[in-house]
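As a basis for the values below, the full set of heavy atoms in this structure was taken, side chains included, without hydrogen atoms, waters or symmetry mates. All chains are named by letter (A, B, ...) in the order of the sequence lines, taking the proteins before the strands, and each is independently numbered beginning at 1.
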Protein chains: 2
Amino acid sequence: MAINTAAVVPERLARSAGQQPLYSTLADILSREIHEGKYLPASTLPSEKELTERYGVSRQTVRFALRMLRDKGLISSYPGIGTIVREPMQKQGRFNAVNSTEDLLQFVGNTEMHALAIREVVVDGPLAEQIECKPGLLMSEATFLRKTPGSDLPMSYVRIYVPPRFAAAQVKPAVSNSPVYQNIEKMFNLRVSEIRQDVTATVLDEELAEVLQAPVGEAALQITRFYYDANQSLVQVTVSYYPRSRYTQSARFRVADDEA
Amino acid sequence: MAINTAAVVPERLARSAGQQPLYSTLADILSREIHEGKYLPASTLPSEKELTERYGVSRQTVRFALRMLRDKGLISSYPGIGTIVREPMQKQGRFNAVNSTEDLLQFVGNTEMHALAIREVVVDGPLAEQIECKPGLLMSEATFLRKTPGSDLPMSYVRIYVPPRFAAAQVKPAVSNSPVYQNIEKMFNLRVSEIRQDVTATVLDEELAEVLQAPVGEAALQITRFYYDANQSLVQVTVSYYPRSRYTQSARFRVADDEA
DNA sequence: AGGTATTTGTTCGTATGTATT
DNA sequence: GAATACATACGAACAAATACC
């Protein structure tokens, strides 16, 4: 049993004006407790009724919190059984789980970006098609190598395109782990609310192979990500090349409900 | 205004025992109406209050239905504004949107599988690692070419592995569009509830190039999918090879809420 | 600028249905 | 069958954001 089951006074949750929703706060608490090992994988969480009493919130609030955790893949719920903690799905090495925006942005934040160059380009031809911009448009292009802090070989080569009005966010510290999109968010007071990702395969040509220190002809994932704000307007586009041996993207899909 | 605002009798929805949840039925109705063009992109859906009155259900039911549509990317909601229909995100050709299990399974169902061979293999070495099976295990392997009904060139080459106890589902009609996993579901009375997908890149060797009628050395996506049932036990594994020129996987991620 | 109405978001309470033990 | 636990559904109220006058 946990040490602090009876000792801790059930802290009644309450929303202080203008803050997070209650269910979101509760989800954070439970999520933290799961990660801290208070609730072990394959064991059950306290029942919804118990949680409502322990935190002094309604059942709906509890259920919304649990739904958030379920959407994140942390738990599964079964009628008559309860809510069980799932095994954390994490393979180390070149595997990387991307199931949500949070995963994606966290991945971006956990890697170092080594700047190579910044320049302005007139988008045209195949590039215009790839990043879905009107040909002839001027965009600011920054190129980086993405590295995991421990490793020496780069994980990927990244080209970041932002519209000229955001060019100021394309600063160039030699090494950075604050993503460009975050600079844009702060400097221009907007929030990325959606990311679209196109995945295809390619073969490393001499130029890519050289900067990536990988063999010419190795297969690589080519991932194009479009960042949009709440108004569906494009914030930035990134084109990344991940050599096969250094990155595998893993995603998990759950069925929501039965079909008719 | 819509022509049939007052003319149509509001069909009061009710759940007939043991069926779909009400909100799911309502989601299906609204989804169909959106696809039929009753509600056009960028226009607003009726307000939640209106929908509760029109269908004789509670606001909670309406909100749950709208949440399903929001999760599917069909609509967006804004306080003070309403719920607007989103532009359908569909690029034809080799682009394919995979944002949910439904998308994934639908994609599987919308393509023809042309059977090539069935055999039993002792899983070992790199294959065992790839499909995450204990080496030495006997599995039933079926190979297919996936084709879109219109096209002549295959979209991908697929190897499907199922445990021996499910081998009976690996039947071999020359052409089939009922996926193997559905055979297993019916024959063994279980439901696939989760799919994990690993994506990496590879280069077509001579063997793959020949069956795919693609040039040797072309880049290809190598997608491995693990199908699990509700008990987290493995149902089947598929390994697919999609030549770069014939398939691009597209996914969309939305931010759920603000971080603390 | 200010106030009111509208619309979605959050939270409570309660009751009933369904699946499991 | 009874108890437990999650799922669905109704009603009500207030808050926050936006639009309109």
query: With nearest nucleotides of DNA chain C determined for A/Gly80 and B/Arg59 from heavy-atom distances, which residue corresponds to the more 5′ nucleotide?
result: B/Arg59
field: Closest to the B/Leu22 side chain, choosing from D/dC6, C/dC12, D/dA9
entry: D/dA9
- request: Quickly work out the A/Ile75 CD1 to D/dC6 C1' distance and round it to whole Å.
  value: 11 Å
- request: Calculate the interatomic distance between A/Leu66 atom CG and D/dA7 atom C1'; express it in whole Å.
  value: 12 Å
message: Expressed as a whole number of angstroms, how long is the span from B/Ile84:CD1 to C/dT7:C1'?
response: 14 Å
query: Just to confirm, is there a sub-4.0 Å distance from OP1 or OP2 of D/dT8 to any side-chain nitrogen or oxygen of B/Tyr23?
result: yes
- prompt: Which of the following nucleotides, C/dT8, D/dA9, D/dC6, is nearest to the side chain of B/Pro21?
  reply: D/dA9
- prompt: In Å and rounded to the nearest 0.5 Å, what is the CZ to CZ distance from B/Arg252 to B/Arg86?
  reply: 4.5 Å
Between A/Asp198 and B/Ser250, a side-chain donor and acceptor under 3.5 Å: yes
query: For A/Tyr78 and D/dT4, what is the distance between atoms OH and C1' respectively, to the nearest whole Å?
result: 18 Å
- request: Let me know the distance between CG of A/Leu45 and C1' of D/dT4, rounded to the nearest Å.
  value: 16 Å
- prompt: A/Glu53 has an atom CD; how far is it from atom C1' of C/dG13, in whole Å?
  reply: 15 Å
- prompt: Taking atom C1' of C/dG13 as reference, at what distance in whole Å does atom NZ of A/Lys49 sit?
  reply: 15 Å
message: What is the distance, to the nearest angstrom, from the CE atom on B/Met68 to the P atom on D/dA7?
response: 14 Å
- prompt: More 5' along DNA chain D: A/Gln60 or A/Ile81, using each one's nearest nucleotide?
  reply: A/Ile81
message: Closer than 4.0 angstrom, basic N to acidic O: yes or no for A/Glu132 and A/Arg196?
response: yes
Proximity to the side chain of A/Glu48 - top-ranked nucleotide from D/dC10, C/dT7, D/dC6: D/dC6
message: Can you tell me if A/Thr83 touches the phosphate of D/dC6, counting only side-chain N or O atoms and a distance under 4.0 Å to OP1 or OP2?
response: yes
message: Need one value for B/Phe64: base, sugar-phosphate or nothing, where a base atom within 4.0 Å counts as base even if backbone is also close, heavy atoms only.
response: nothing
message: Assess whether a salt bridge exists between A/Arg254 and B/Glu194, defined as any Lys/Arg side-chain N lying under 4.0 Å from an Asp/Glu carboxylate O.
response: no
message: Side chains of A/Gln249 and B/Gln197: any donor to acceptor distance under 3.5 Å?
response: no
Shortest side-chain distance from B/Thr61, nucleotide among C/dT10, C/dC12, D/dC10: D/dC10
